[in-house]
There are 2 protein chains.
Amino acid sequence: MTNIKKVSELAGVSTATVSRTLKSPDQVSQATREKVLEAVKAAGYRPNWLASSVKSGRSNTIVVLVPNLVNPFFMRIIGGIEQAAQEKGFSVLLGDTQGSPEREHEYASMVLTNRADGLIQLDHSFPFSAADADLAEDLPMVSVCERIASEKKYPVIELDNYAASRALAHHLLGYGHKHFAAIVGQISSQIYRERLAGIRSVLQEEQIPFEQAQITGGAYTIEAGIAGVEHLLSLPQRPTAIFCFNDDIAIGAVHAIKKAGLRVPEDISVVGFDNIKVSAFIDPPLTTVDQPAYDMGRRAVEVLVSQIRGEPLVRSKEVLPFQLIERESSGPAPL
Amino acid sequence: MTNIKKVSELAGVSTATVSRTLKSPDQVSQATREKVLEAVKAAGYRPNWLASSVKSGRSNTIVVLVPNLVNPFFMRIIGGIEQAAQEKGFSVLLGDTQGSPEREHEYASMVLTNRADGLIQLDHSFPFSAADADLAEDLPMVSVCERIASEKKYPVIELDNYAASRALAHHLLGYGHKHFAAIVGQISSQIYRERLAGIRSVLQEEQIPFEQAQITGGAYTIEAGIAGVEHLLSLPQRPTAIFCFNDDIAIGAVHAIKKAGLRVPEDISVVGFDNIKVSAFIDPPLTTVDQPAYDMGRRAVEVLVSQIRGEPLVRSKEVLPFQLIERESSGPAPL
DNA sequence: TTCGCGCATGTAAACGGTAACATTGACACA
DNA sequence: TGTGTCAATGTTACCGTTTACATGCGCGAA
């Protein structure tokens with residue numbers, strides 16, 4: 001391993017001069033600078049990142065906790081995280097948790113051991129173990145989409161899920177639908193509550209009933225969408241419009257509806273959430289709510305980095321704009 | 001920051017004893033061990049990972065270069081990488097390159113600066129900059145799917161693309177197709193050459209022509225699939241079967257074919273590659289080649305870690321099995 | 001009783017940088 | 001000529017661990 005000492009000997013200067021040449025070249029005379037740079041090149045020297053980090057006490061790394069890597073919506077967020085992190089000189093450690101608390105604990109503890117300076121949580125759980133909880137008190141942590149379940153309020157970058165659900169509901173009401181159902185994702189999350197509340201508020205205003213039996217699901221997967229539709233089609237009153245809490249669920253729902261010999265949207269309208277890439281290209285293209293995933297990731301990094309730098313928190317909650325994307329999976333209610 | 005010194009003072013022992021208690025407890029008497037562990041708990045001490053890494057010279061980190069985060073096939077590979085890395089005590093740094101050489105250089109250089117111990121490349125380029133190339137000579141690097149373009153042969157975990165393409169070709173020939181086309185992904189890659197060679201070899205055996213005009217594309221995207229079909233439909237002889245070099249392209253192709261008023265597979269059969277999740281649930285479900293993406297990721301880590309440990313290389317090339325998944329996007333050639 | 005062995009622990013030198021402080025010398029100015 | 005200033009460089013302490021080596025002590029064997 002070529003280290004700074006070898007370079008300093010090669011150049012006939014002290015290690016400090018080598019360090020200065022690389023970190024603050026203007027403090028070094030041009031003559032020695034050239035000498036040193038030549039020695040650096042000759043030795044093939046690259047500064048040891050671990051060593052400088054240990055000195056500075058900062059790893060310039062953030063860890064991102066993702067419940068599911070294959071979800072393209074999360075990946076778009078992570079794309080934004082990556083981009084912003086790189087611009088700010090941070091690198092991104094990937095923490096694929098698969099929803100397992102043990103995994104979350106493990107990744108979260110990286111912030112306690114100086115392996116990372118902060119963490120971004122894409123799920124809604126408080127990621128630290130009970131043993132670490134008190135140490136985690138003032139650590140830089142930001143959540144995206146979901147709010148972290150803890151007394152302390154960590155900053156969150158989110159969507160106005162309530163308003164977005166209301167927009168979807170109004171969209172479907174406009175088509176004359178009267179029988180609604182929902183296939184939800186993770187239960188007990190903030191998203192679950194807000195979206196459901198949004199739907200309920202609109203339906204209540206119109207005096208349209210919306211019972212617990214019409215709410216099914218429990219995971220953000222295609223399979224959950226299929227199972228959800230199978231359940232809903234077995235109900236005495238078949239819904240004519242289904243809210244799916246993400247596009248994966250909606251894709252499964254559309255698939256199952258067609259498989260049952262029904263048509264989308266002629267028999268049942270389906271709306272999703274997230275606007276993942278493929279949603280525009282399935283048959284029929286999905287009506288959905290676009291979330292600015294990339295920007296949410298970017299923003300999360302900006303907030304996190306300012307926390308890491310110890311800057312005061314401006315807002316603990318940022319709500320980014322959604323956009324209702326009307327496509328062909330929703331249409332007039334059947335007569 | 002609570003460090004080992006604070007703990008040692010609290011426990012009334014030396015820092016060495018604290019370190020030993022945590023790293024090799026059997027060298028410490030039970031009495032002091034308990035004393036130390038209590039002090040650790042009282043101080044809320046967590047060893048500084050940066051410091052131990054600088055000492056050991058190993059970061060126990062690998063960096064993964066991905067051309068495109070939103071591609072679910074890559075994400076399945078990365079899922080396998082993550083899992084295996086965690087089991088082996090490594091963490092994963094994410095390098096979203098977007099195909100940009102500068103980004104690749106930047107991430108690759110992390111291995112030179114001890115920020116990572118090795119790298120996994122999912123693209124086919126040699127990721128180091130020209131300036132770093134000679135230093136990169138003996139660095140642990142493994143590629144998945146694609147072979148790295150360099151004189152030195154780095155280990156690669158791949159699929160038998162030639163045989164898989166032959167299988168797809170035979171599948172379509174069995175349906176009586178005579179007019180083929182291909183929408184390819186990245187040109188100039190190993191995959192491009194092998195898959196095309198596989199297709200060509202089968203068609204040649206059957207004396208079926210396959211001209212350059214029938215080969216289009218250039219990116220692994222839905223849009224490329226759409227553009228590809230638009231081009232192919234403008235040809236004097238319309239193909240009855242299209243090889244798409246991944247499922248995203250195939251999804252775009254199916255979309256465009258339907259949009260043109262044609263049916264899949266009655267008018268045109270479409271086959272893909274990768275077997276991403278959604279392929280089974282679009283209309284019609286895609287015939288495709290399943291790649292064991294997760295296992296490829298796992299295997300890549302195993303090979304990489306053994307390289308990092310300096311173990312001798314067993315095989316420089318591992319070929320994992322594919323599986324032809326016959327679904328409904330392929331069928332009998334139209335009369 | 002003395003010697004030697006081995007366990008438990010302490011001391012201090014690493015690891016590879018960075019940066020505060022010290023030193024040197026050139027130069028300007030009185 | 002003496003003094004002060006400043007730029008360029010060297011010296012050295014330090015970041016937080018780990019670990020080779022040193023020390024001390026108890027105990028069994030001779």
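Keep in mind that this is a model prediction, so the values were computed, not measured. Letters A, B, ... mirror the listed sequences (proteins, then strands); counts begin at 1.
- For D:dG10, the OP1/OP2 oxygens have a side-chain nitrogen or oxygen of A:Thr17 closer than 4.0 Å.
- In the set C:dG17, D:dG16, C:dG10, C:dG17 carries the atom at the smallest distance from any side-chain atom of A:Asn48.
- Checking the phosphate oxygens (OP1, OP2) of D:dT18, a side-chain nitrogen or oxygen of B:Ser19 falls inside 4.0 Å.
- Applying the side-chain hydrogen bond (donor to acceptor under 3.5 Å, both in side chains) test to A:Glu34 and every residue at least two apart in sequence or in another chain returns A:Gln30.
- Where A:Thr15 and B:Ala16 each meet DNA chain D at their nearest nucleotide, the meeting point lying more 5' is that of A:Thr15.
- Taking atom CD of B:Gln30 as the reference point, atom C1' of C:dT9 lies 17 Å away to the nearest angstrom.
- For the pair B:Asn3 CG and D:dT18 P, the interatomic distance rounds to 12 Å; values are reported in whole Å.
- Residue-to-nucleotide proximity on DNA chain C shows that, of A:Arg46 and B:Val28, the 5′-proximal contact is made by B:Val28.
- Atom NZ of B:Lys5 is separated from atom P of D:dC15 by 8 Å (rounded to the nearest Å).
- If you check residues 106-119 of chain A against DNA chain D, you find no residue with a heavy atom closer than 4.0 Å.
- A:Thr2 and A:Arg46 share no side-chain donor-acceptor pair at under 3.5 Å.
- The CG atom of A:Asp26 sits 12 Å away from the C1' atom of D:dA7 (whole-angstrom rounding).
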Run the salt bridge (Lys or Arg N to Asp or Glu O under 4.0 Å) check on A:Arg298 and A:Glu87 step by step: do they pass? CA-CA 10 Å; A:Arg298 290 194 62 88; A:Glu87 286 168 14; 2.8 Å; yes
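- A salt bridge does not link A:Glu137 with A:Lys152: none of the charged nitrogens is closer than 4.0 Å to a carboxylate oxygen.
- Between B:Ser52 and D:dT17 there is no side-chain polar atom (N or O) within less than 4.0 angstrom of OP1 or OP2.
- For B:Lys55 and C:dC15, the NZ to P distance is 8 Å, given to the nearest whole Å.
- Taking only side-chain atoms of B:Lys23, from C-beta outward, the nucleotide of D:dG16, D:dT18, C:dG17 with the closest atom is D:dT18.
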Determine whether B:Glu318 and B:Arg299 satisfy the following criterion, salt bridge (Lys or Arg N to Asp or Glu O under 4.0 Å), listing intermediate values before the conclusion. CA-CA 9 Å; B:Glu318 289 193 32; B:Arg299 195 65 200 119; 2.7 Å; yes
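- Applying the salt bridge (charged side-chain N to carboxylate O under 4.0 Å, His left out) rule to pairs touching residues 52-67 of chain A yields A:Arg58-A:Asp117, sequence neighbours excluded.
- Side-chain atoms of B:Arg103 come within 3.5 Å of backbone N or O of B:Asp96 as a donor-acceptor pair.
- Using modelled atom types, no side-chain atom of A:Thr17 and backbone atom of A:Thr15 make a donor-acceptor pair closer than 3.5 Å.
- Distances shorter than 4.0 Å separate some side-chain N or O of A:Thr32 from OP1 or OP2 on D:dT9.
- One interatomic measurement links the two molecules: CZ of A:Arg20 to C1' of C:dT18, which rounds to 10 Å at whole-angstrom precision.
- Following rounding to the nearest Å, A:Glu34 (CD) and D:dT9 (P) show an atom-to-atom distance of 12 Å.
- Atom CH2 of A:Trp49 and atom P of C:dG17 are 14 Å apart (whole Å).
- For the pair B:Ser29 and B:Ala51, nearest-nucleotide mapping onto DNA chain C gives the more 5' position to B:Ser29.
- Residue B:Val54 has its side chain nearest to C:dC15 when only C:dC15, D:dG10, C:dG10 are considered.
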